[in-house]
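Notes to accompany the following structure.
Heavy-atom basis, side chains included; hydrogens, waters and symmetry copies ignored. Predicted model, so just to flag it, every value in this text is computed and none were measured.
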Amino acid sequence: MKTVYAAGAMAALLSLSACAQMPWAERSNHATTQQQKPSVTKSGEQSGSGNDTSGSSEKTVSALNQQGVHVVADPTSTLVLVNKHFKLPENYVPKDLVDLDVPFIFAGKSEKKKMRAVAAKPLEEMFAAAAKDGIQLAGVSAYRSHTAQVALFNYYVQRDGEKKALDYSARPGTSEHETGLAIDVSGINGKYAATRAFGGTHEAAWLNKHAQDYGFIVRYPEGKESITGYEYEAWHLRYVGLPASKKIVESGQTLEEYLNEVPVSQ
């Protein structure tokens, strides 16, 4: 089932980066314009997380914060916010990683073919539903360990210097791939994998319309670069669970806008 596709081989390698990481654009204080949104601590929005520790942190920070870097208090939450200003605890490893039973654009065993169990089944159901609609999807890169992110980021720093590396790669601990809740997706032949051109494909259109039905969102939507910090990435899906995914999509918000206050430990 997991066939090697020549067109996707290079994309699989490139997808080890932080999915076209781009610098944050300057913007005015956005928080005052937000509608009332549920907090990350609302356990009812964390379907299937199984590790709700809401209320365990005495300190919270606005999800729209763009100052400094805070360590999230509950990395196991399906609504955990990970970006350039919210990071995972040092050397965090999800305890429920499982192998995904979906096609990938490369062959062989790899941690990139794993996701957390809470997201794996919905992803497999989504791929199956797409196939019924004549859309053949394939995985490009899912989970990435902290160790892998450290090695990758250090490589880019040595090659291009830290300033330039930060344009396209995430510092260790700030990549969504480390949560086990994110995956980069392409068409079955790997064409346009992890490139802007993927946004114009039938696969991207299907995902944009249906991913929310399975608890996923297109994490970095077009026009929201100043909020998410990243360019539009039609291929980068993030599991947030139901009903959060539908609420986020229906409201036209990003995860940052949807969340209210994020519990942090530092």
Would you check, one step at a time, whether the test salt bridge (Lys or Arg N to Asp or Glu O under 4.0 Å) holds for Lys224 with Glu231? CA-CA 8 Å; Lys224 297 286 189 174; Glu231 285 189 331; over 6 Å; no

Should Val118 and Tyr239 be marked as a side chain to side chain contact (heavy atoms under 4.5 Å, CB included) after you check the CA-CA gap, both sets of side-chain angles, and the distance that decides it? CA-CA 9 Å; Val118 68; Tyr239 183 77; 4.0 Å; yes

For the pair Leu259 and Leu79, evaluate side chain to side chain contact (heavy atoms under 4.5 Å, CB included) and give the outcome as yes or no after the intermediate values. CA-CA 8 Å; Leu259 298 175; Leu79 285 174; 4.3 Å; yes

The test is ring-ring contact (aromatic ring centres under 6.0 Å, His included); show your working for Tyr192 and Phe198 and say whether it passes. CA-CA 5 Å; Tyr192 304 131; Phe198 178 71; 8.2 Å; no

I'd like to know whether Asn65 forms a side chain to side chain contact (heavy atoms under 4.5 Å, CB included) with His70, so could you lay out the CA-CA distance, the side-chain angles of the two residues, the decisive distance to 0.1 Å, and finally the verdict. CA-CA 9 Å; Asn65 168 71; His70 299 274; 3.5 Å; yes

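Side chain of Asn154 to backbone of Val150: a donor-acceptor contact under 3.5 angstrom is found. Ser251 places a side-chain N or O within donor-acceptor distance of the main-chain N or O of Lys247, the cut-off being under 3.5 Å. Using modelled atom types, no side-chain atom of Lys84 and backbone atom of Thr228 make a donor-acceptor pair closer than 3.5 Å. Remark: the backbone N or O of Val69 is not paired with any side-chain donor or acceptor of His85 at under 3.5 angstrom.
Between Val80 and Thr76, the closest side-chain pair of non-hydrogen atoms is not below 4.5 Å. For the pair Ile248 and Val240, the minimum side-chain heavy-atom distance is below 4.5 Å. Between Phe216 and Ser245, the closest side-chain pair of non-hydrogen atoms is not below 4.5 Å. The shortest distance between side-chain heavy atoms of Leu237 and Ile217 does not fall below 4.5 Å. Residues Glu225 and Tyr232 are in side-chain contact: their nearest non-hydrogen atoms beyond the backbone lie under 4.5 Å apart. Counting heavy atoms from C-beta on, the side chains of Leu88 and Val82 come closer than 4.5 Å. Between Phe86 and Val264 there is a side-chain heavy-atom pair separated by less than 4.5 Å. Using a 4.5 Å heavy-atom cutoff, the side chains of Val93 and Ser145 are not in contact.
The distance from atom CE of Met115 to atom CD1 of Ile183, rounded to the nearest 0.5 Å, is 5.5 Å. Atom-to-atom distance recorded for Gln149:CD and Ser175:OG is 4.5 Å, nearest 0.5 angstrom. Residue Asn260 holds its CG atom at 8.0 Å from OG1 of Thr60, rounded to the nearest 0.5 Å. In this structure, CG in Asn83 is found 8.0 Å from OG1 in Thr174, a value given to the nearest 0.5 Å. Atoms NZ and CZ, on Lys112 and Arg144 in that order, are 8.0 Å from each other to the nearest 0.5 Å. Taking CG of Leu207 as the start and NZ of Lys209 as the end, the distance is 12.5 Å to the nearest 0.5 Å.
A perpendicular orientation is assigned to the rings of Phe106 and Phe104, their planes being inclined by more than 60° (bins at 30° and 60°).
The aromatic ring centroids of His146 and His177 lie 6.0 Å or more from each other.
Across Asp101, Leu137, Ile135, a single residue satisfies side chain to side chain contact (heavy atoms under 4.5 Å, CB included) together with Phe127, and that is Leu137.
Salt bridge status for Lys59 with Glu261: absent, with no side-chain N to carboxylate O gap under 4.0 Å. A salt bridge links Arg219 with Glu256; the closest basic N to acidic carboxylate O contact falls under 4.0 Å. Using a 4.0 Å cut-off between a side-chain N of Lys or Arg and a carboxylate O of Asp or Glu, Glu176 and Arg238 qualify as a salt bridge. A salt bridge links Asp96 to Arg116: at least one charged side-chain nitrogen sits closer than 4.0 Å to a carboxylate oxygen.
Nearest heavy atoms, Ala138 versus Gly187: CB-O, 3.7 Å. Minimum interatomic distance between Ser186 and Ile105 (heavy atoms only, all atoms of both residues): OG-CG2, 3.4 Å. Listed here is the closest heavy atom pair of Tyr143 and Glu178: CE1-O, 3.5 Å. Summarising the geometry of Leu81 relative to Val72, their closest heavy-atom pair is O-CG1, 3.3 Å, with the distance given to 0.1 Å. Closest approach of Val218 to Ala234, counting heavy atoms only: CG1-CA, 4.1 Å. When all heavy atoms are compared, the tightest approach of Glu124 to Asp99 is OE2-O, 4.2 Å.
Both Val61 and Tyr258 are members of a single hydrophobic cluster when ILVMFWY side chains are connected at heavy-atom separations under 4.5 Å.
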